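Here the structure is laid out as structure tokens; the discussion comes afterwards.
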Amino acid sequence: MTGTARWVLHVDMDQFLVAVELLRRPELHGLPVIVGGRGDPTERAVVSTASYEARERGVRSGLALKLAVRRCPEAVLLPVDFPVYEAASAQVMATLRAHPGVVVEVLGWDEAFVGVETDDPLTTALEIQAEVLAATRLHCSIGIGDTLVRAKVATDFGKPQGTFFLHRDNWLDVMGHRPTTALWGVGPRIGQRLAAIGIETVAQLAASPDDPLVAAFGPSTGPHIGRLGRGGGRAWPDDTPWVARAHGRETTYQADLLTRDEVAAALGELAGRVVDDLAREGRAATRVHLKVRFAPFFTHTKVRKLGAPTMDPAVLAETALALFDALGDDRPVRLLGVRAEMQPPAGGY
DNA sequence: TCTGGGGTCCTAGGACCC
DNA sequence: TCTGGGGTCCTAGGACCC
């Protein structure tokens with residue numbers, strides 16, 4: 001037997017929300033299916049997940065439902081059903097943790113990093129795919145890498161229902177010619193700013209010294225982006241239980257809010273829900289954030305430290321309304337959000 | 001033409017203190 | 001009257017992720 005090594009598997013469920021819906025609606029198999037909002041294309045909402053058939057018609061996550069049905073009029077539209085997906089997700093994660101000798105770091109509803117020590121990570125990946133399928137009747141793709149970033153990026157090349165390897169020896173062969181935005185953690189804005197300093201591709205980023213990156217992005221983000229380009233960074237998952245830093249609630253209103261009274265009532269309702277979330281965990285708020293999107297398109301965020309940590313929804317709502325008034329803007333309100341940062345638990349995060 | 005709702009982490013710049 | 005360096009806290013906002 002050859003020596004074992006540590007590998008990171010990135011397990012990602014295929015078209016997760018749609019796949020869960022197909023379990024209870026098998027007759028929809030092979031059809032363009034879209035899960036989003038309340039399933040009503042006339043409402044303000046976006047696509048959460050589209051089936052592969054719908055993706056072929058140009059429907060993507062984040063696309064407005066109105067536009068999605070215009071692109072794919074024959075699509076079957078389903079409302080988002082959170083409790084069902086949460087239950088399926090819990091089943092998936094429990095299946096991963098049941099594999100002998102693994103360390104599991106959950107990334108979201110439908111994905112997780114799995115650390116394994118083995119001389120044959122591909123066999124482990126195939127075993128995990130089979131175990132998840134047997135337990136949940138759901139398919140997943142698995143990226144295998146020697147770092148978290150490489151495993152995460154690899155998954156897309158394995159979709160659907162496949163696997164893909166990315167490690168230090170093939171990273172630049174596979175990724176070098178691609179735009180920097182192909183990296184996990186490099187979005188359109190950072191991509192633009194990299195291009196402005198002459199870095200267009202992953203290979204160019206990987207070859208860049210830290211200095212210009214620090215100058216452009218700061219002492220922490222700069223070197224971090226450079227590491228992303230080399231596929232470097234953390235090489236082992238962290239299974240420490242997750243502790244929330246903040247809780248927030250936001251709502252897009254189907255009809256814009258036009259008066260201060262409407263805004264006040266909406267803030268009271270949002271603040272009440274935030275307070276419920278905090279109370280459930282026995283946590284105290286330290287700062288309140290208000291997010292407002294005016295019609296059309298303009299987002300404004302305000303932050304204020306509370307005089308004393310509070311879990312009184314009236315105080316939270318008053319604080320948020322004071323912040324709103326301070327904006328001094330009387331345009332129609334399309335979205336409101338209230339978020340509370342929380343005191344760290346004893347012992348810190 | 002229309003853009004959800006839940007989060008995380010980082011930076012810039014000003015205030016304030018020693 | 002003008003001038004420091006360093007540190008910390010706070011506000012406001014940016015960017016990214018699923």
Side-chain angles (χ1 to χ4, degrees), chain A residues 10-13 15-17 34-49 58-71 79-80 82 85-86 89 105-113 148-149 152-153 155-156 180-181 183-194 213-225 228 238 242-254 270 273-274 277 286-307 319 323 326-327 334-342 349:
Chain A
H10 176 250
V11 179
D12 196 66
M13 305 307 294
Q15 50 171 10
F16 181 58
L17 272 50
I34 296 171
V35 178
R38 295 192 285 190
D40 179 348
T42 67
E43 291 191 347
R44 289 174 180 165
V46 296
V47 174
S48 290
T49 305
V59 178
R60 293 278 180 282
S61 298
L63 188 68
L65 281 190
K66 271 173 204 164
L67 297 179
V69 296
R70 204 168 301 164
R71 287 189 190 180
V80 176
F82 293 98
Y85 313 140
E86 270 159 19
S89 173
E105 177 175 338
V106 176
L107 258 193
W109 267 1
D110 64 338
E111 59 179 306
F113 288 115
L148 270 62
V149 164
K152 167 80 182 172
V153 171
T155 308
D156 278 343
T180 56
T181 50
L183 295 166
W184 178 45
V186 178
R189 294 293 304 161
I190 289 177
Q192 264 180 23
R193 289 164 65 188
L194 282 169
L213 298 174
V214 169
F217 297 99
S220 174
T221 303
H224 172 68
I225 293 171
L228 290 178
D238 177 356
W242 176 75
V243 180
R245 269 77 165 159
H247 283 303
R249 295 297 185 124
E250 64 180 72
T251 300
T252 299
Y253 298 96
Q254 291 302 321
L270 291 171
R273 295 202 290 177
V274 171
D277 290 342
T286 55
R287 294 205 295 177
V288 175
H289 302 231
L290 173 71
K291 181 168 160 187
V292 184
R293 183 179 294 154
F294 296 103
F297 311 142
F298 180 68
T299 301
H300 211 318
T301 303
K302 281 261 179 189
V303 186
R304 179 164 300 174
K305 188 184 169 71
L306 293 174
T319 306
L323 293 175
L327 289 178
R334 183 154 294 181
L335 171 148
L336 282 176
V338 174
R339 193 162 73 93
E341 288 182 1
M342 295 182 288
Y349 290 115

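Computed from a predicted model, the values in this text were never measured in an experiment. Chain A is the first sequence line, chain B the second, and so forth, proteins listed ahead of strands; every chain is numbered from 1.
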Open item on the list: Within the 4.0 Å heavy-atom criterion, would you say A:Val80 contacts the bases, only the backbone, or no part of the nucleic acid?
Closed with: nothing
Open item on the list: Between B:dC16 and C:dG4, how many Å separate the two C1' atoms, rounded to a whole number?
Closed with: 16 Å
Task: DNA chain B stem ranges, 3 or more consecutive Watson-Crick or G-U pairs under 3.5 angstrom - done: B:5-18 with C:5-18
Task: Min side-chain heavy-atom separation A:Arg339-A:Lys291 under 4.5 Å - done: no
Open item on the list: Counting primed atoms plus P, OP1 and OP2 as sugar-phosphate and everything else as base, spell out the protein contacts along nucleotides 6-16 of chain B at 4.0 Å heavy-atom distance: B, S or - for each nucleotide, 5' to 3'.
Closed with: SSBSSS-----
TODO: Could you state the atom-to-atom distance from CH2 of A:Trp184 to C1' of C:dC18 in whole Å?
DONE: 10 Å
- [ ] For the pair A:Thr286 (side chain) and A:Glu341 (backbone), establish whether a donor and an acceptor sit closer than 3.5 Å, ignoring hydrogens and angles.
- [x] yes
Open item on the list: Under the side-chain contact (heavy atoms from CB on, under 4.5 Å) test against A:Arg249, which residue among A:Val338, A:Leu336, A:Leu270 passes?
Closed with: A:Leu270
Open item on the list: For A:Thr180, run the side-chain contact (heavy atoms from CB on, under 4.5 Å) check against A:Ile225, A:Leu194, A:Ile190, A:Leu228 and tell me which one passes.
Closed with: A:Leu194
Task: First encountered from the 5' end of DNA chain B, between A:Ala64 and A:Thr252 - done: A:Ala64
Task: Donor-acceptor under 3.5 Å (A:Arg245 side chain, A:Val243 main chain) - done: yes
Open item on the list: Applying a 4.0 Å non-hydrogen cut-off, can you work out what A:Lys152 is touching in the nucleic acid: base, sugar-phosphate, or nothing?
Closed with: sugar-phosphate
TODO: Check every strand shown and say whether A:Leu270 touches a base, only sugar-phosphate, or nothing at a heavy-atom separation below 4.0 Å.
DONE: nothing
- [ ] Using whole Å, report how far CZ of A:Phe82 lies from P of B:dG5.
- [x] 9 Å
TODO: For A:Trp109 and B:dG4, give me the distance from atom CH2 to atom P, rounded to whole Å.
DONE: 16 Å
- [ ] Please identify each residue that fulfils ring-ring contact (aromatic ring centres under 6.0 Å, His included) with A:Tyr85, with sequence neighbours left out.
- [x] A:Trp109
Open item on the list: For A:Glu250, is there an ion pair with A:Arg293 - N to carboxylate O distance below 4.0 angstrom?
Closed with: no
Task: Exam field: side chain A:Ser61 to backbone A:Ser48, donor-acceptor pair closer than 3.5 Å - done: yes
- [ ] Any chance you could measure A:Arg287, atom CZ, to A:Met342, atom CE, to the nearest 0.5 Å?
- [x] 13.0 Å
Task: Atom-pair distance (CG on A:Leu65; P on B:dT1), nearest Å - done: 18 Å
Open item on the list: Counting the atoms with a prime plus P, OP1 and OP2 as sugar-phosphate, which does A:Leu67 contact under 4.0 Å by heavy atoms, base, sugar-phosphate, or nothing?
Closed with: base
- [ ] Using atom CZ of A:Arg293 as one end and atom C1' of B:dC2 as the other, report the distance to the nearest whole Å.
- [x] 11 Å
- [ ] Find the distance between NZ (A:Lys66) and CG (A:Asp40) and round it off to the nearest 0.5 Å.
- [x] 9.5 Å
Open item on the list: Is the phosphate of B:dG4 approached by A:Lys66 (side-chain N or O, under 4.0 Å from OP1 or OP2)?
Closed with: no
TODO: Send over the distance from A:Arg334 CZ to B:dT1 P, rounded to a whole Å.
DONE: 14 Å
Task: Nearest-angstrom distance from the residue atom CG of A:Leu63 to P of B:dT3 - done: 10 Å
TODO: Could you tell me the separation between the CG atom of A:Asp156 and the C1' atom of C:dC18, rounded to a whole number of Å?
DONE: 13 Å
